[in-house]
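In what follows, every chain begins at residue 1, and chains take the letters A, B, ... in the order their sequences are listed.
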Amino acid sequence: MLDLHKANAETISHALPERFPFYHLGEVSPASDAVSSSGDLPPAEALAEAEIVGFRISGELQGLALILFERGLDLSTYTEMGNLLAGRFVTRLSSEQGIDAMISAPFIPSEAQLSRVRETVRMARKPVLRRPYLHVHPDGRSSPVQFLLIPLEEGAGNA
Amino acid sequence: MIGLDARTIMAKTVLIVDDVAFVRKTLAEILTKAHYQVVGEASDGAEAVNLYTKLRPDIVTMDIVMPQMSGIEATRRILKADKNAKVVIISAMGQENLVMEAINVGAKDYVLKPFSSDEILKTIERGLADEGSHSGSRASHAEPKFGSKTT
């Protein structure tokens with residue numbers, strides 16, 4: 001079993017999704033080719049201003065995917081967008097790197113859960129991979145979406 | 001029957017199963033526009049099994065990852081209760097082992113999200129047209145009729 005901090009972060013980041021259509025609502029594409037790696041979650045103030053949907057990653061890769069998007073957007077729509085981002089990630093991990101992982105059903109992480117995750121990340125100095133995306137609506141508007149990959153240790157409990 | 005047109009009378013019935021309301025709504029709109037009758041919606045596998053038993057739809061669209069019970073397990077239980085049930089899997093994950101598991105439990109087809117209207121409608125048509133297959137027999141076929149974008 002791999003941990004995100006042990007597996008090559010660059011290898012894992014190659015499985016992050018590229019552009020894809022989003023049903024009848026436009027498309028989602030990376031806002032940047034670059035995938036950043038940091039030792040912490042975004043600042044608490046930034047997280048507090050965003051809507052966040054989480055997906056646990058289990059299997060040969062253990063971690064947490066967090067999808068951040070602007071408040072005021074339809075939660076169900078962006079939950080599905082997160083589902084596609086996380087689902088396409090684990091599908092690519094399997095098909096391109098032979099790493100077998102699954103995602104959980106979506107959940108809304110509480111402040112307490114996010115605090116625990118932040119503490120885990122800081123103490124273990126694990127890399128948090130982040131890729132910004134843009135949801136381009138059919139009318140040309142765009143909404144920013146962030147995809148974070150966070151390592152978790154076995155037995156860390158629910159983040 | 002007064003006021004119903006022929007298409008409504010003849011409409012095949014569908015049970016939609018997905019834990020995300022946006023997906024259920026999108027599927028319902030596509031299917032209703034194509035003159036299918038959406039007779040029920042479930043947001044988890046356990047509810048799907050219960051509703052299938054009550055409604056006996058002509059076909060079920062089934063997500064995989066859901067609370068309470070996965071779509072694979074729900075498909076298994078539905079087919080155990082009704083060997084002629086028709087279930088098509090619609091999922092954001094396309095790993096080969098998942099597709100194989102879907103085949104093995106008896107799903108008629110597997111569609112990757114995001115789906116287009118055409119993809120869904122063709123998948124439903126294929127699933128409904130497959131009158132001869134029974135649970136468990138698909139794994140023995142040389143080439144399952146699995147559709148779009150499988151790995």
Cluster overlap [X] with [Y], hydrophobic side-chain contacts below 4.5 Å:
X         : Y        : answer
Ile103(A) : Phe20(A) : yes
Val136(A) : Val28(A) : no
Leu134(A) : Leu68(A) : no
Leu47(A)  : Leu66(A) : yes

field: Closest contact, heavy atoms only, Gly94(B) versus Thr91(A)
entry: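 That closest heavy-atom pairing would be N-OG1, 2.9 Å.
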
Is any side-chain heavy atom of [Y] closer than 4.5 Å to one of [X]?
X         : Y         : value
His24(A)  : Pro114(B) : no
Pro106(A) : Asp19(B)  : yes
Phe55(A)  : Val65(B)  : no
Glu80(A)  : Lys113(B) : yes

query: Would you say the side-chain atoms of Ser76(A) pair up with the backbone N or O of Val20(B), donor to acceptor, closer than 3.5 Å?
result: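 Such a contact is absent between Ser76(A) side chain and Val20(B) backbone.
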
query: Is chain B contacted by the side chain of Leu93(A), its backbone, both, or neither, given a heavy-atom distance below 4.5 Å?
result: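 The answer is neither part of Leu93(A).
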
message: For Ala86(A), which atoms come within 4.5 Å of any heavy atom of chain B: side chain, backbone, both, or neither?
response: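 Nothing of Ala86(A), per the 4.5 Å heavy-atom cut-off to chain B.
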
message: Other residues, nucleotides and ligands only: do more than 12 of their heavy atoms fall within 6.0 Å of CD on Glu119(A)?
response: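 Open.
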
field: Arg19(A) CZ: over 12 foreign heavy atoms closer than 6.0 Å
entry: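 No.
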
Enter the distance from [X]:[atom1] to [Y]:[atom2] here, rounded to the nearest 0.5 Å.
X         : Y        : atom1 : atom2 : value
Asn83(A)  : Met93(B) : CG    : CE    : 8.0 Å
Met102(A) : Ile64(B) : CE    : CD1   : 6.5 Å
Ser94(A)  : Leu98(B) : OG    : CG    : 8.5 Å

Sub-6.0 Å ring centroid separation between Tyr78(A) and Phe22(B):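 For Tyr78(A) and Phe22(B), the ring centres are not under 6.0 Å apart.
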
